[in-house]
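This report concerns only the one structure given below.
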Amino acid sequence: MARTLARSFYARESVDLAPELLNKLLVHRHPEAGRLVARIVEVEAYCGSDDPGSHAYRGPTRRNATMFGPPGRLYVYFTYGMHWCANVVAHRDDDASAVLLRAAAPLEGLEAMRRWRPKARRERDLCSGPAKLAQALGITGEHDGDDLVRGPIRILDDGLPPPRRPGVSGRVGLSLGRGDEHLWRWFVPGDPNVSR
DNA sequence: GGTGTGATCGTA
DNA sequence: ACGATCACACCA
(Lines give C-alpha, C1' and ligand atoms only; values in the text may rest on other atoms or scores of the structure.)
Protein backbone atom coordinates (compact mmCIF):
# COMPACT_ATOMS: atom_id res chain seq x y z
CA MET A 1 0.00 0.00 0.00
CA ALA A 2 1.73 3.14 1.26
CA ARG A 3 5.46 3.14 0.66
CA THR A 4 8.22 5.19 2.31
CA LEU A 5 9.78 7.82 0.08
CA ALA A 6 13.35 6.96 -0.92
CA ARG A 7 16.22 9.28 -0.06
CA SER A 8 16.62 10.20 -3.72
CA PHE A 9 13.14 11.77 -3.62
CA TYR A 10 14.46 14.51 -1.33
CA ALA A 11 17.67 15.19 -3.28
CA ARG A 12 16.53 18.30 -5.20
CA GLU A 13 15.96 21.97 -4.54
CA SER A 14 13.27 22.75 -1.98
CA VAL A 15 11.38 24.80 -4.56
CA ASP A 16 10.98 21.63 -6.67
CA LEU A 17 10.43 19.27 -3.75
CA ALA A 18 7.81 21.35 -1.92
CA PRO A 19 4.80 20.93 -4.26
CA GLU A 20 5.62 17.21 -4.59
CA LEU A 21 5.08 16.78 -0.85
CA LEU A 22 1.44 17.84 -1.10
CA ASN A 23 -0.92 14.91 -0.41
CA LYS A 24 1.90 12.75 0.97
CA LEU A 25 1.39 11.15 4.39
CA LEU A 26 3.31 12.32 7.44
CA VAL A 27 3.52 9.35 9.82
CA HIS A 28 4.85 9.22 13.37
CA ARG A 29 5.14 5.88 15.14
CA HIS A 30 5.00 7.31 18.63
CA PRO A 31 6.31 5.06 21.45
CA GLU A 32 3.30 5.80 23.68
CA ALA A 33 0.55 7.27 21.50
CA GLY A 34 0.95 4.77 18.66
CA ARG A 35 0.53 5.58 14.98
CA LEU A 36 -0.21 9.20 14.09
CA VAL A 37 -0.99 10.03 10.45
CA ALA A 38 -1.77 13.29 8.66
CA ARG A 39 -1.90 14.22 4.97
CA ILE A 40 0.30 17.20 4.04
CA VAL A 41 -1.83 19.98 2.50
CA GLU A 42 0.38 23.09 2.78
CA VAL A 43 4.15 23.64 2.41
CA GLU A 44 6.72 26.40 1.93
CA ALA A 45 10.18 26.27 0.33
CA TYR A 46 13.23 27.87 1.96
CA CYS A 47 16.62 28.13 0.27
CA GLY A 48 20.08 29.13 1.41
CA SER A 49 22.50 32.02 0.94
CA ASP A 50 20.27 33.65 -1.70
CA ASP A 51 17.08 33.59 0.40
CA PRO A 52 16.86 36.26 3.15
CA GLY A 53 13.73 34.57 4.53
CA SER A 54 15.62 31.37 5.30
CA HIS A 55 17.33 30.36 8.53
CA ALA A 56 20.26 29.29 6.33
CA TYR A 57 20.72 32.77 4.83
CA ARG A 58 23.65 33.72 7.07
CA GLY A 59 25.38 30.38 6.95
CA PRO A 60 25.48 27.41 9.32
CA THR A 61 24.93 27.87 13.07
CA ARG A 62 24.17 25.49 15.93
CA ARG A 63 20.44 25.96 15.38
CA ASN A 64 20.26 25.40 11.61
CA ALA A 65 22.98 22.75 11.34
CA THR A 66 20.49 20.10 10.14
CA MET A 67 19.58 22.26 7.13
CA PHE A 68 23.21 21.97 5.99
CA GLY A 69 23.26 18.20 6.35
CA PRO A 70 22.09 15.43 4.00
CA PRO A 71 18.58 15.48 2.45
CA GLY A 72 15.69 13.45 3.82
CA ARG A 73 16.13 14.48 7.45
CA LEU A 74 13.86 16.49 9.72
CA TYR A 75 14.89 20.05 10.64
CA VAL A 76 12.98 21.12 13.76
CA TYR A 77 13.39 24.62 15.18
CA PHE A 78 12.04 26.56 18.18
CA THR A 79 10.44 29.94 17.60
CA TYR A 80 8.52 32.74 19.36
CA GLY A 81 9.74 31.36 22.67
CA MET A 82 7.15 28.55 22.65
CA HIS A 83 6.60 26.79 19.31
CA TRP A 84 8.28 23.97 17.40
CA CYS A 85 8.13 23.81 13.59
CA ALA A 86 9.15 20.93 11.32
CA ASN A 87 10.91 21.01 7.96
CA VAL A 88 12.03 18.42 5.43
CA VAL A 89 15.69 18.89 4.42
CA ALA A 90 16.09 18.94 0.64
CA HIS A 91 19.12 18.82 -1.64
CA ARG A 92 22.38 20.37 -0.55
CA ASP A 93 25.34 21.11 -2.75
CA ASP A 94 27.39 23.25 -0.41
CA ASP A 95 24.23 25.23 0.34
CA ALA A 96 21.05 24.48 2.27
CA SER A 97 17.36 24.19 1.48
CA ALA A 98 14.32 22.81 3.26
CA VAL A 99 10.54 22.58 3.08
CA LEU A 100 8.44 23.85 6.00
CA LEU A 101 5.46 21.61 6.73
CA ARG A 102 2.70 24.18 7.32
CA ALA A 103 -0.54 22.20 7.49
CA ALA A 104 -2.00 18.71 7.23
CA ALA A 105 -5.28 16.83 7.34
CA PRO A 106 -5.43 14.58 10.43
CA LEU A 107 -6.16 10.93 9.53
CA GLU A 108 -5.12 8.59 12.37
CA GLY A 109 -4.40 9.05 16.06
CA LEU A 110 -6.86 11.91 16.48
CA GLU A 111 -7.32 10.99 20.13
CA ALA A 112 -3.64 11.70 20.92
CA MET A 113 -3.66 14.80 18.73
CA ARG A 114 -6.57 16.22 20.69
CA ARG A 115 -4.82 15.32 23.96
CA TRP A 116 -1.73 17.30 22.90
CA ARG A 117 -3.78 20.16 21.46
CA PRO A 118 -6.55 20.67 24.02
CA LYS A 119 -7.28 24.14 22.65
CA ALA A 120 -8.29 22.77 19.26
CA ARG A 121 -12.08 22.94 19.24
CA ARG A 122 -12.65 21.63 15.72
CA GLU A 123 -10.82 18.90 13.83
CA ARG A 124 -9.48 21.45 11.37
CA ASP A 125 -7.76 23.29 14.25
CA LEU A 126 -5.48 20.30 14.97
CA CYS A 127 -2.90 20.67 12.18
CA SER A 128 -3.77 23.95 10.41
CA GLY A 129 -0.42 25.71 10.99
CA PRO A 130 3.26 24.76 11.30
CA ALA A 131 3.40 24.85 15.10
CA LYS A 132 -0.02 23.18 15.43
CA LEU A 133 1.06 20.40 13.07
CA ALA A 134 4.24 19.75 15.05
CA GLN A 135 2.35 19.76 18.33
CA ALA A 136 -0.41 17.45 17.07
CA LEU A 137 2.11 14.90 15.79
CA GLY A 138 4.29 15.07 18.90
CA ILE A 139 7.28 16.56 17.06
CA THR A 140 9.75 18.55 19.20
CA GLY A 141 13.41 19.55 19.20
CA GLU A 142 14.44 16.04 20.16
CA HIS A 143 13.48 15.01 16.62
CA ASP A 144 15.78 17.55 14.96
CA GLY A 145 18.06 15.66 12.59
CA ASP A 146 15.93 12.49 12.55
CA ASP A 147 16.14 10.43 9.36
CA LEU A 148 12.78 10.47 7.54
CA VAL A 149 13.70 7.30 5.60
CA ARG A 150 14.33 5.24 8.74
CA GLY A 151 11.70 6.69 11.03
CA PRO A 152 10.09 6.83 13.57
CA ILE A 153 8.86 9.89 11.67
CA ARG A 154 8.45 9.14 7.96
CA ILE A 155 6.78 10.45 4.81
CA LEU A 156 4.74 7.92 2.81
CA ASP A 157 3.16 7.85 -0.64
CA ASP A 158 -0.23 6.15 -0.59
CA GLY A 159 -0.88 6.73 -4.29
CA LEU A 160 -2.75 10.03 -4.10
CA PRO A 161 -0.77 12.39 -6.37
CA PRO A 162 -0.17 16.09 -5.64
CA PRO A 163 -2.90 18.37 -7.02
CA ARG A 164 -2.61 18.99 -10.75
CA ARG A 165 -3.02 22.72 -10.06
CA PRO A 166 -1.90 23.48 -6.48
CA GLY A 167 -2.71 26.81 -4.85
CA VAL A 168 0.29 29.18 -4.88
CA SER A 169 1.12 32.27 -2.83
CA GLY A 170 3.85 34.22 -1.09
CA ARG A 171 5.30 32.78 2.11
CA VAL A 172 3.60 33.53 5.43
CA GLY A 173 5.17 35.42 8.31
CA LEU A 174 8.09 37.05 6.52
CA SER A 175 8.67 40.77 6.98
CA LEU A 176 8.85 42.84 3.81
CA GLY A 177 12.06 42.63 1.84
CA ARG A 178 12.97 39.28 3.37
CA GLY A 179 12.05 37.19 0.37
CA ASP A 180 8.31 37.85 0.64
CA GLU A 181 8.15 38.40 -3.12
CA HIS A 182 8.82 34.71 -3.88
CA LEU A 183 5.71 32.60 -4.53
CA TRP A 184 7.06 29.63 -2.60
CA ARG A 185 3.96 28.55 -0.67
CA TRP A 186 1.86 25.72 -2.10
CA PHE A 187 -1.39 24.23 -0.81
CA VAL A 188 -4.23 21.88 -1.71
CA PRO A 189 -7.03 24.15 -2.98
CA GLY A 190 -10.20 24.01 -0.92
CA ASP A 191 -8.79 21.86 1.88
CA PRO A 192 -10.21 23.09 5.23
CA ASN A 193 -6.91 22.40 7.04
CA VAL A 194 -4.93 24.99 5.06
CA SER A 195 -3.87 27.82 7.41
CA ARG A 196 -5.73 31.12 7.07
C1' DG B 1 -15.55 36.20 8.02
C1' DG B 2 -11.84 39.84 9.42
C1' DT B 3 -8.27 42.56 12.29
C1' DG B 4 -5.27 43.54 16.37
C1' DT B 5 -2.52 42.22 20.46
C1' DG B 6 -0.05 39.67 24.22
C1' DA B 7 2.62 35.60 25.30
C1' DT B 8 7.48 34.00 25.85
C1' DC B 9 12.58 32.98 25.12
C1' DG B 10 16.48 31.31 22.04
C1' DT B 11 19.19 33.32 18.66
C1' DA B 12 22.24 36.48 16.43
C1' DA C 1 15.50 43.36 19.41
C1' DC C 2 13.20 40.12 16.74
C1' DG C 3 11.11 36.17 15.06
C1' DA C 4 9.19 30.59 9.05
C1' DT C 5 3.26 31.50 15.49
C1' DC C 6 -0.89 30.88 18.19
C1' DA C 7 -5.02 31.96 20.77
C1' DC C 8 -8.22 35.07 22.03
C1' DA C 9 -10.73 39.32 22.04
C1' DC C 10 -13.44 42.12 19.47
C1' DC C 11 -16.00 43.74 15.27
C1' DA C 12 -18.82 42.64 11.25
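What you are looking at is a predicted structure, and each value in this text was computed from that prediction instead of being measured. Order of the sequence lines sets the chain letters (A, B, ...), proteins ahead of strands, with each chain counted from 1.
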>> Give me each pair satisfying side-chain hydrogen bond (donor to acceptor under 3.5 Å, both in side chains) with a member in residues 5-23 of chain A, each pair once, sequence neighbours excluded.
In response: A:Arg7-A:Asp147
Show every donor-acceptor pair shorter than 3.5 Å between a side-chain atom in residues 175-183 of chain A and any protein atom, with sequence neighbours excluded, or say none if there are none.
{"unit_1": "A:Arg178", "atom_1": "NH1", "unit_2": "A:Pro52", "atom_2": "O", "d": "2.9"}
{"unit_1": "A:Asp180", "atom_1": "OD1", "unit_2": "A:Gly177", "atom_2": "N", "d": "2.7"}

>> What stems show up for DNA chain B when you take Watson-Crick pairs (N1-N3 plus N6-O4 or O6-N4) and G-U wobbles (N1-O2, O6-N3), both under 3.5 Å, and require three or more consecutive pairs?
In response: B:1-7 with C:5-11, B:9-11 with C:1-3
>> Can you tell me which residue among A:Arg102, A:Glu44, A:Glu42 is in a side-chain contact (heavy atoms from CB on, under 4.5 Å) with A:Phe187?
In response: A:Glu42
Table please: side-chain donor-acceptor pairs of residues 74-85 of chain A below 3.5 Å, with sequence neighbours left out.
{"unit_1": "A:Tyr75", "atom_1": "OH", "unit_2": "A:His55", "atom_2": "ND1", "d": "2.8"}

> Which hydrophobic side chains are connected to A:Leu107, either touching it within the sub-4.5 Å cutoff or through other members that do?
Replying inline: A:Leu25, A:Val27, A:Val37, A:Leu156
>> Please list all pairs meeting ring pair (Phe, Tyr, Trp, His ring centres under 6.0 Å) that have one or both residues in residues 161-181 of chain A, counting only residues at least two apart or in different chains.
In response: none
> Of the residues in residues 17-28 of chain A, which ones touch DNA chain C at a heavy-atom distance under 4.0 Å?
Replying inline: none
> What string of B, S and - do you get for nucleotides 7-12 of chain B 5' to 3' if you count protein non-hydrogen atoms under 4.0 Å?
Replying inline: BBBS-S
>> Under the rule for side-chain hydrogen bond (donor to acceptor under 3.5 Å, both in side chains), what residues qualify as partners of A:Arg171, not counting sequence neighbours?
In response: A:Asp51
>> Is A:Arg185 close enough to C:dA4 that one of its side-chain N or O atoms is under 4.0 Å from OP1 or OP2 there?
In response: no
> Reading nucleotides 7-12 of chain C from the 5' end, what letters show protein touch, with B for base, S for backbone sugar-phosphate only, - for no heavy atom under 4.0 Å?
Replying inline: S-----
>> Filter on side-chain hydrogen bond (donor to acceptor under 3.5 Å, both in side chains), then keep only pairs touching residues 148-162 of chain A, sequence neighbours left out; what's left?
In response: A:Thr4-A:Arg154, A:Arg39-A:Asp158
> NZ of A:Lys24 to CG of A:Leu26: how many Å apart, nearest 0.5 Å?
Replying inline: 13.0 Å
> What ring pair (Phe, Tyr, Trp, His ring centres under 6.0 Å) pairs are there with at least one residue in residues 109-168 of chain A, not counting sequence neighbours?
Replying inline: A:His28-A:His143, A:His30-A:Trp116
